[in-house]
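Below is one structure, written out as structure tokens, with a few remarks after it.
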There are 2 protein chains.
Amino acid sequence: MDAPPRWLAGEEKAAWDNFIRMQEKLIGRLSRHVQSDSGMSASDYVVLAGLTERGGGRMRLLDLAKLVEWEKSRMSHQVTRMTKRGLLAREECPDDGRGAFIVATPAGYKAIEEAAGHHVEHVRRLFIEALTPSQLKALARISEHVLEHMEKQSD
Amino acid sequence: MDAPPRWLAGEEKAAWDNFIRMQEKLIGRLSRHVQSDSGMSASDYVVLAGLTERGGGRMRLLDLAKLVEWEKSRMSHQVTRMTKRGLLAREECPDDGRGAFIVATPAGYKAIEEAAGHHVEHVRRLFIEALTPSQLKALARISEHVLEHMEKQSD
DNA sequence: ACCAAGTGGTTGACACGTCATCCACACTAG
DNA sequence: CTAGTGTGGATGACGTGTCAACCACTTGGT
């Protein structure tokens, strides 16, 4: 017979439930804010931020996907949509006939530059300000632990 | 002239970045697990878990939506899809001509009962086990703080 | 030179979430 | 009773994410 599952209870359940509720509400609010004060989706924001801040505004599609930890097909779809909206453009890659460079258009630059300021303010207001410096530090370490723990496991 | 945005840096940036990365990876893995070992989506799981554990298997649509903190239209769509898959059924409400009761079918009960055990194991393996009891406690309190802080603000 | 395998990227089908709109019924004031 | 307002819920359009299949090009072995 199977061992019965050990349900979460007490402090474990409290930690899990609170974490899940918090994370959902926080992410939800932030993405609605990005949407309403810049007209971009949260995905648009992530892509443009990665491409311009860390990729110099021009990157190969798979590199960009790895940078923001997305699947390649998700990135490809997203780039297609953003291209239609004029935020990005595709360029051919001379070195590799299969490849494509993704570049931020002037409109794309303008969009994140305008959006980034608002976004950081919301992050401050909803998240940073809720916590003391030592709580922030604790959360940083806790998140790191969970990340490292997950990376040890294959699935 | 506008005040320049105060970018995140140091411990603030570390906390935010780590938190975001952790939360995305964790949620992503968990939902893929639910999908692959029960055939249900993460949304199916949430709905069935709420309905059966806290609603006795039979609830009004809006009550169910409030219970899991979803918008009514999201819930309505989800119920439609789950009804097609045989996990839920709609029943008319005698007291209120507009209303609808949502009930879990036998197949629905079977599905969460089977899925719940796996799910709690994954939560343990990926999350609980990564942290010490005192870290869990800290995270519970931190999440609570953020939640309370957000509830004070209107948007 | 050639073929197999790998890599970079696209595509289509489908499930999901959001927003705005709409509809039927309920409740209240007059 | 009836007009207006509120509430429970459904719906359609649209943007987004995932999976599996696919295609074109490159690379490495023989």
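Everything quoted here is computed from the prediction, not taken from an experiment. First the proteins, then the strands, lettered A, B, ... as listed; each starts at 1.
For A/Arg85, the salt bridge (charged side-chain N to carboxylate O under 4.0 Å, His left out) criterion is met by A/Asp44, not counting sequence neighbours. Partners of B/Arg98 under the salt bridge (charged side-chain N to carboxylate O under 4.0 Å, His left out) rule, at least two apart in sequence or in another chain, are B/Asp96.
With rounding to whole Å, A/Trp70 atom CH2 is found 18 Å from C/dG8 atom C1'. Straight-line distance from the CD1 atom of A/Ile102 to the P atom of C/dG9: 7 Å, rounded to whole Å.
Contacts between residues 18-28 of chain B and DNA chain C, defined by a heavy-atom separation below 4.0 Å, involve no residue at all. Near-neighbour residues of DNA chain C inside residues 103-112 of chain A, defined by a heavy atom below 4.0 Å, are absent. Proximity of residues 53-60 of chain A to DNA chain C (heavy atom under 4.0 angstrom from any strand atom) is restricted to A/Arg60. Remark: A/Ser41, A/Ser43 in residues 33-43 of chain A come within less than 4.0 Å of DNA chain D through at least one heavy atom.
The salt bridge (charged side-chain N to carboxylate O under 4.0 Å, His left out) pairs that include a residue from residues 130-154 of chain A are A/Glu151-B/Arg21, where partners are two or more places apart or lie in different chains.
A/Leu62 belongs to a hydrophobic cluster whose remaining members, ordered by chain and number, are A/Val34, A/Met40, A/Tyr45, A/Val46, A/Val47, A/Leu48, A/Leu51, A/Met59, A/Leu61, A/Leu64, A/Leu67, A/Val68, A/Trp70, A/Met75, A/Val79, A/Met82, A/Leu87, A/Leu88, A/Ile102, A/Tyr109, A/Ile112; membership requires side-chain heavy atoms of ILVMFWY residues under 4.5 Å apart, directly or through intermediates.
Between the side chains of A/His122 and A/Asp37, at least one donor N or O lies within less than 3.5 Å of an accepting N or O. For the 3.5 Å distance criterion, the side chains of A/Arg81 and A/Gln78 qualify, holding a donor opposite an acceptor.
Heavy-atom distances to DNA chain D give each of A/Glu71 and A/Asp96 a nearest nucleotide, and the one nearer the 5′ end belongs to A/Glu71.
An angle of 10°, rounded to 10°, separates the two end axes of the helix from C/dA1-D/dT30 to C/dG30-D/dC1, each defined over five pairs.
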Please write out the pairs of protein N or O atoms and N or O atoms of nucleotides 11-13 of chain C separated by less than 3.5 Å, giving the distance to one decimal.
| unit_1 | atom_1 | unit_2 | atom_2 | d |
| --- | --- | --- | --- | --- |
| C/dG12 | O6 | A/His77 | NE2 | 2.6 |

Below 3.5 Å between N/O atoms, which protein atoms pair up with nucleotides 3-7 of chain C? Just atom names and distances, please.
| unit_1 | atom_1 | unit_2 | atom_2 | d |
| --- | --- | --- | --- | --- |
| C/dG6 | N2 | A/Arg98 | NH1 | 2.9 |
| C/dT7 | O2 | A/Arg98 | NH1 | 2.4 |

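Chain A approaches DNA chain D within less than 4.0 angstrom (heavy atoms of the protein), and the contacting nucleotides run 5' to 3' from D/dG15 to D/dT26.
When the side-chain nitrogen and oxygen atoms of B/Arg81 are compared with OP1 and OP2 of C/dG17, one or more of them lie within a distance under 4.0 Å.
Salt bridge status for A/Arg124 with B/Glu12: present, with a side-chain N to carboxylate O gap under 4.0 Å.
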